[in-house]
Every structure is written in C-alpha cells, then in structure tokens.
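Notes for the one structure printed next.
Throughout, residue positions are numbered sequentially from 1 according to the sequence presented.
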Amino acid sequence: TISFFYSLHSIPCVGFEAHYNGKSMVYSGDTLNHRPSIRKLYDKGLISRARRDRLFDFPWHHDVILHECGVPPIHTPAETLRQLDEKVKKNLYVVH
C-alpha cells in the first residue's frame, strides 16, 4: 500500500509511505523538518494544530527512510538529521 502526505515547503510537495511484503519505506519529499521552525509557524497562526502535529510526527520507523536535506528555510537542515537516534540513521538515506 502507498499513502501520501503533505510536506512543508514553499510550493506544494508531498511525501509518501509504502508497504510491501512486510517491508516499508518513507520518502519525505521536499520539506522543512525542523521542530523550532514548525513551532514558529504554528505560534504565528500560519498552520493548524493538526498540520503541526502531523509535521512533528514524521514516520521514522520504516526500513528505508529517504529524507531530503538542504538549506533552510525551505529544506531540512543537516543538524536535524544528525540528531536522530542511531537506529533511525542506519535506515536513513539523505537525498535532494
């Protein structure tokens, strides 16, 4: 199965989760995965609580994680990915 979700970017972008035969992967799409920045957008009333919570709850549990990285404010800073748990980083492939 494949399910899509909206990422956080200056133009509409989506990521997806895919499950097949007991394995799974996630692709972030272009996104700003940075909790302080997401929190600021929520505090300013620019995104809803549900959107904030969905962005906070990125699915790091997959067998393969393709996550973009680039220059904020429209891409995930490398520091966000460096701070992940070692178990997560073993499944992480950084893309752009």
Side-chain angles (χ1 to χ4, degrees):
T1 61
I2 299 175
S3 58
F4 294 89
F5 55 86
Y6 285 108
S7 60
L8 179 61
H9 198 263
S10 58
I11 60 172
C13 291
V14 295
F16 68 87
E17 295 178 78
H19 301 265
Y20 179 73
N21 205 22
K23 296 291 184 181
S24 65
M25 69 165 289
V26 62
Y27 170 66
S28 69
D30 275 1
T31 193
L32 174 62
N33 191 333
H34 183 247
R35 290 179 81 87
S37 297
I38 294 166
R39 192 172 294 112
K40 278 184 192 177
L41 291 172
Y42 173 73
D43 291 345
K44 290 179 179 182
L46 298 173
I47 60 173
S48 68
R49 178 183 298 254
R51 179 107 165 91
R52 178 203 65 188
D53 292 349
R54 175 63 178 103
L55 291 166
F56 279 172
D57 193 27
F58 186 82
W60 297 109
H61 61 277
H62 290 281
D63 299 304
V64 174
I65 303 162
L66 302 174
H67 201 292
E68 73 88 49
C69 182
V71 179
I74 60 173
H75 297 287
T76 301
E79 187 59 28
T80 295
L81 303 177
R82 278 195 290 270
Q83 292 175 357
L84 293 170
D85 184 88
E86 290 300 319
K87 183 179 176 185
V88 171
K89 287 195 278 189
K90 288 180 183 179
N91 298 335
L92 176 67
Y93 298 86
V94 177
V95 297
H96 185 92

Side-chain donor-acceptor pair present, His62, Ser24, cut-off under 3.5 Å: yes
statement: d(His34 NE2, Arg39 CZ) to nearest 0.5 Å is 9.5 Å
message: I need the Ser7 OG to Phe16 CZ distance, nearest 0.5 Å.
response: 12.0 Å
- prompt: By side chain to side chain contact (heavy atoms under 4.5 Å, CB included), which residues pair with Asn91, not counting sequence neighbours?
  reply: Ile65
message: Please give the remaining members of the hydrophobic cluster of Val71, linking ILVMFWY side chains under 4.5 Å, ordered by chain and number.
response: none
- request: Before giving the answer on side chain to side chain contact (heavy atoms under 4.5 Å, CB included), spell out for Thr31 and His67 the whole-Å C-alpha distance, their side-chain angles and the decisive distance to 0.1 Å.
  value: CA-CA 9 Å; Thr31 193; His67 201 292; 3.9 Å; yes
- line: Here the gap from Lys90 atom NZ to Asp85 atom CG, rounded to the nearest 0.5 Å, amounts to 9.0 Å
query: Got Val26 and His61 here, is their nearest side-chain heavy-atom distance under 4.5 Å?
result: no
- prompt: Does one side chain, of Thr76 or Glu68, offer a donor that lies under 3.5 Å from an acceptor on the other?
  reply: yes
- prompt: How far does CE of Met25 sit from CG of Leu66, to the nearest 0.5 angstrom?
  reply: 4.0 Å
statement: salt bridge (Lys or Arg N to Asp or Glu O under 4.0 Å) filter on Arg82, not counting sequence neighbours, yields Glu79
- request: List the atom of Pro73, the atom of Leu32, and the distance in Å for their closest heavy-atom pair.
  value: O-CD2, 3.2 Å
message: With a 4.5 Å cut-off on side-chain heavy-atom distances among I, L, V, M, F, W and Y, is there a chain of contacts connecting Phe5 to Tyr27?
response: no
query: Would Leu46 and Tyr42 show up in the same hydrophobic cluster when neighbours are defined by side-chain heavy atoms closer than 4.5 Å?
result: yes
- prompt: Hey, quick one: are Tyr93 and Val88 part of the same hydrophobic cluster, counting side-chain heavy atoms closer than 4.5 Å, chains of contacts allowed?
  reply: no
task: Heavy atoms only: give me the nearest Gly22-Asp63 pair and the separation to one decimal.
output: O-OD2, 4.1 Å
- prompt: Mind checking what makes salt bridge (Lys or Arg N to Asp or Glu O under 4.0 Å) contact with Lys40, not counting sequence neighbours?
  reply: none
- line: Those residues at least two apart in sequence (or on a different chain) that pass side chain to side chain contact (heavy atoms under 4.5 Å, CB included) with His9 are Ile11, Cys13, Asp30, Ile74, His75
task: Consider only side-chain heavy atoms of I, L, V, M, F, W and Y, link residues closer than 4.5 Å, and tell whether Val64 and Val14 are in one cluster.
output: yes
task: Apply side chain to side chain contact (heavy atoms under 4.5 Å, CB included) to Arg51 and list each qualifying residue two or more places apart in sequence or on a separate chain.
output: Tyr6, Leu8, Ile47, Ser48, Leu55
field: Nearest-0.5 Å distance that lies between atom CZ in Arg49 and atom CZ in Phe56
entry: 10.5 Å
- request: Enter the distance from Ile38:CD1 to Phe58:CZ here, rounded to the nearest 0.5 Å.
  value: 11.0 Å
